[in-house]
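Okay, so here's the structure we're looking at.
Along the sequence shown, residues carry numbers from 1. Below, all heavy atoms of this structure are taken into account, side chains as well, without hydrogens, waters or symmetry copies.
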Amino acid sequence: MPARTRDCQPCCEGFFCPQGITCMIPCPLGSYCPEGKLNKTLGVCEPYRYQLPPGQPNHTCGGADIWADVTSSDEIFCSPGSYCPTTIKKIPCSSGHYCRTGSTAERMCFKLTTCNANTANQNIHAYGIMLLVALSLLMLVIYNCSDQVLSTRERKAAKSREAAARHARETAQARERWKSAKNVAKKGAVGLSQQLSRTFSRRKSLKLQDPPKLPGQSKAETSSDLLPPPPSASAASGNKKEPSALAKALHAIDDDPESQEGFHINIGDKNIKKQMPKGKQLHTHSQIFKYAYGQIEKEKAQQDKNLTFSGIISMATDDNVKKRPVIEVAFKDLTITLKGKNKHLLRCVSGKIMPGRVSAVMGPSGAGKTTFLSALAGKTTGCYKTGSILINGKDEPIQSYSKIIGFVPQDDIVHGNLTVEENLRFNARCRLAAEMPKPDKVLVVERVIESLGLQAVRDSLVGTVEKRGISGGQRKRVNVGIEMVMEPSLLILDEPTSGLDSSSSQLLLRALRREALEGVNICMVVHQPSYALFKMFDDLILLAKGGLTAYHGSVKKVEEYFAGLGINVPERINPPDYFIDILEGIVKPEAPITHQQLPVRWMLHNGYAVPHDMLQLAEGLGASSSASMSNETTIHGSEQSFAGDLWQDLKFTVGQKRDNLLHNFISSTDLSNRQTAGISRQYRYFLGRVTKQRLREARIQLVDYLILLLAGACLGTLAKVQDETFGALGYTYTVIAVSLLCKISALRSFSLEKLIYKRESSAGISSLAYFLSKDTIDHFNTVIKPLVYLSMFFFFNNPRSSFQDNYMVLVCLVYSVTGIAYIFAIFLEPSPAQLWSVLLPVVLTLIASQDKDAAVAKHFAKYCYTKWALEAFVIANAEKYSGVWLITRCGSLMTSGYDLRDWNLCLVVLIIIGIVCRIVAFVCMVSLTKK
């Protein structure tokens, strides 16, 4: 067989002939395969790298010898700055156009870009700079005017409200003036009637007597001439006139002084109430406010009749005062013991708090006052509870009445970035009965604002630690008002007067007494009340150290009871302060009794059973031994080793966690007979509230956007697109930067409102509506933040992939990392959450970019969101490489473990990760919130 090398032919131009192949293969589009020229010095066929075999005269230079990736055969790629319409023709790029490596045609540059001849890529940095400046100016304007939208709306509402209040005051004043005039007229009429009566009675008596005769006067003349002639019937009928419309309106007020109908001060006899819609027909803000302020002015006029407390209490019998469902709480031998510590927080507490009365709980520090209120509200966890708590005489769980029970915590847990009115109105909407008309809900809010003296600051922000708002006393009253607007039947307050001056405390207590008139059962912890404030309470619960009862009864009889024990309050001493000093052991009573024996005396006084370990106090044994007893009642057991104590602490911690979970998921039959707003309506209320909060936080949002702009510009400039890796380096930086910045900003959604959520969820407000509203508003950032970042990165990096593809990947990435941030914000404290938000994207990106030959890294990378985001970016960019780039694209994707057909899969996986993370975050929020 003859050797094939005897008939060797050169490869034609436009083709490439690999070694050992007997046929020619056409060069792909985007390549430049001219006939090679022999460089006699080097022996290389230029522009290729192959050499002619030595000693083979039948070999000549031909076409290309290989087509591989760009790193191995970059000589056949159409050079940058030129384009190759065919594989044998290369044309330099003209001015105003640019030609990338492997181009088959030149592309026109955008305006305002610098594209000289032989340009490989257009310089669109000018667009990026212009967009950066424009967005910066826009953000600066929004930064300085972010509050104007809400401020304008609030001013408009304030004008409408002030006009309605002024109308109500003028109407009430006109009615009062008419009543005063009517009373004066009545008094004048009564005086005239009495005078006429006396006159005619005197003349009648003169008739009966014979008048003295004057000289020349006959008997007939004496009686007839002295009396005036009677008016004729015609004259009487002619003088009678019809009453005017104004007189009719005034007589209507005279007949029913408390009627809502009346005349307007400006329009006289026109009856405005007959033309005003009633009840549910009120639609406009002006009508609603007129209705609310009209009712408030009527209540003020009714209260002004008698400003004494006896006069106010007498209003309880008035049928116009709205009555609420009654809750009477009775407790017998109530004992609360801390698990694991075997320490009594409350012990043998018996008594009753009744509707329509205000009960004060007092005692020294550590007496269990807050524990007592928590036990009444059903909020004790991590404790053993013995004894019984009866609701209206029935053994029912207090959670069954949670919708009509208000609990005011000791701390002022309110939204600092909402106004006073917005805080109150939101709770009224969510917690009042759903069937209650809107005007009545507005009336409730206005009544609470009026009673708590918050009119002057109703449109002021409550304020936070960073941003000053209303004063501390006003904030305390807002804290109480949040529970008052839901019209509770049982209102429990933990130190509502702490931090208030005497006048503010009295104002608050007057408002609470007004609530008691409607049948509300009010129980509150008070520290060091003034004597005037002390006398405003109905009942007193005095607790001693160890959670024992020293007195429970009427405030009027407390001094009498202690006087019977030989404890008399000195002059100029406040009785509650003196009693607390005795229970604290600071003041020793003159009577032969110690402060440890006072709870025992109360038990014996009421016939309660005395615990066995306190019998020696009951018998009065050993004053010295009793005085040496610990103030805190603890059940002592045998001493344990360090390991035993550690085991007990571990059991206590686990048990407390379990109790918290059970408390969060406890379900009881609703016996409150109140149907509050559903999830969909509460969702709308939450959307409005969160929107206002975000508008007031617009400056913080704009700072986030500015950081994203700078990050996009810097990373787009530094991480230039490399055709060999299809821009993988720049996209790696993008995934890290966007994940980090979006996670940190998303932490603010939940990490700063844990206490507020805990209060609202315990009050029965929907957790699902709260979570969905936060997530819905965060979708705005999910849409806008990728646009902000990409507006810089795309113009400074100039990748081959389209803006739309990159935007879709970024949207899915931000949606995914926002869900992860929710878990960190809810499950962790703010500092660890921020640390994890920084470390996680860096670590996961390093894992996702590892060599896919490692089985462990390949398996673990499937669960990293960074792997799917980076793959989607690279695939979107690699799809734009075709023709001569096919081998390079295929090799690069195989090395990274990516598949060109998985772009949609990557987006779906990112969305699924975001959804799963949100479900996990919601479960954590509901179950793992610390109580």
Side-chain angles (χ1 to χ4, degrees), residues 313 316-317 321-337 345-361 368-369 371-380 383-408 433 483 486-494 512-513 515-525 537-543 547-557 602-603 605-610 663 666-676 762-764:
I313 293 176
T317 59
V321 178
K322 182 180 177 182
K323 299 295 181 182
R324 303 182 190 176
V326 174
I327 292 183
E328 179 185 86
V329 183
F331 39 91
K332 184 177 181 182
D333 293 333
L334 182 61
T335 301
I336 305 295
T337 307
L345 303 179
L346 278 181
R347 194 174 188 190
C348 301
V349 178
S350 299
K352 181 189 297 184
I353 55 175
M354 293 175 289
R357 299 180 69 85
V358 182
S359 303
V361 181
K369 300 182 293 297
T371 303
F372 173 70
L373 295 186
S374 299
L376 293 184
K379 295 179 179 292
T380 53
C383 301
Y384 297 109
K385 184 177 74 174
T386 58
S388 60
I389 299 179
L390 303 180
I391 309 298
N392 294 331
K394 300 178 182 178
D395 188 8
E396 296 171 341
I398 193 67
Q399 289 82 6
S400 300
Y401 299 89
S402 60
K403 291 184 179 180
I404 55 175
I405 295 177
F407 186 87
V408 180
E483 301 300 327
M486 53 88 64
E487 294 192 337
S489 295
L490 173 61
L491 183 57
I492 300 173
L493 306 96
D494 191 2
L512 294 177
R513 290 198 66 87
E515 293 289 304
L517 293 178
E518 299 183 6
V520 182
N521 191 345
I522 299 176
C523 184
M524 56 191 295
V525 172
F537 293 104
D538 296 314
D539 298 322
L540 173 65
I541 302 174
L542 197 57
L543 297 178
L548 295 163
T549 306
Y551 177 80
H552 180 16
S554 175
V555 169
K556 299 179 181 179
K557 297 181 179 180
W602 176 254
M603 295 178 188
H605 176 75
N606 292 276
Y608 299 148
V610 181
H663 182 78
I666 190 172
S667 59
S668 302
T669 304
D670 185 20
L671 302 176
S672 60
N673 295 326
R674 176 182 290 186
Q675 188 66 33
T676 57
S762 63

Closest non-hydrogen atom pair, [X] against [Y]:
X	Y	result
Met524	Leu512	SD-CD1, 3.8 Å
His552	Ser350	CD2-O, 3.7 Å
Val358	Ala516	CG2-CB, 4.1 Å
Ile391	Glu396	CG1-O, 3.6 Å
Val520	Glu515	CG2-O, 3.1 Å
Leu345	Cys383	CD1-SG, 4.1 Å

Original post:
What distance do Asn521 atom CG and Leu376 atom CG have between them, rounded to the nearest 0.5 Å?
Top reply: 9.0 Å

Original post:
What distance separates Tyr608 OH from Thr549 OG1, expressed to the nearest 0.5 Å?
Top reply: 8.0 Å

**OP:** Test Ile405 against Ile327 for side chain to side chain contact (heavy atoms under 4.5 Å, CB included), laying out the working first.
**Re:** CA-CA 9 Å; Ile405 295 177; Ile327 292 183; 4.2 Å; yes

Original post:
Is Ser489 reaching over with its side chain to a backbone N or O of Val326, donor-acceptor style, under 3.5 angstrom?
Top reply: no

Subject >> Main-chain N/O of Leu390 paired with Asp395 side-chain donor or acceptor, under 3.5 Å >> reply: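 No, Asp395 side chain to Leu390 backbone: no donor-acceptor pair under 3.5 Å.
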
**OP:** Considering only NZ, NE, NH1 and NH2 on the basic side and carboxylate oxygens on the acidic side, decide whether Asp538 and Arg513 come within less than 4.0 Å.
**Re:**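 Answer for the salt bridge query: yes.
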
Does any part of the side chain of [Y], heavy atoms only, come nearer than 4.5 Å to the side chain of [X], both counted from C-beta?
X	Y	answer
Leu493	Val525	no
Tyr551	Lys557	yes
Ile336	Val349	no

**OP:** Test Asp539 against Ile353 for side chain to side chain contact (heavy atoms under 4.5 Å, CB included), laying out the working first.
**Re:** CA-CA 8 Å; Asp539 298 322; Ile353 55 175; over 6 Å; no

Subject >> Lys556: partners by side chain to side chain contact (heavy atoms under 4.5 Å, CB included), with sequence neighbours left out >> reply: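 Side chain to side chain contact (heavy atoms under 4.5 Å, CB included) check on Lys556 returns Ser554.
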
Subject >> Counterpart residues, side chain to side chain contact (heavy atoms under 4.5 Å, CB included), relative to Ser402 (two or more places apart) >> reply: none

Subject >> Intermediate values then yes/no, side chain to side chain contact (heavy atoms under 4.5 Å, CB included), Ile404 and Asn673 >> reply: CA-CA 9 Å; Ile404 55 175; Asn673 295 326; over 6 Å; no

**OP:** Report the C-alpha distance between Val329 and Ile389 in whole Å, list the side-chain angles of each, state the deciding distance to 0.1 Å, and finish with yes or no for side chain to side chain contact (heavy atoms under 4.5 Å, CB included).
**Re:** CA-CA 7 Å; Val329 183; Ile389 299 179; 3.9 Å; yes

Original post:
Should the pair Phe372 and Phe331 be assigned to parallel (<30°), tilted (30 to 60°) or perpendicular (>60°) ring geometry?
Top reply: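 Because their plane-to-plane angle is over 60°, the rings of Phe372 and Phe331 count as perpendicular.
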
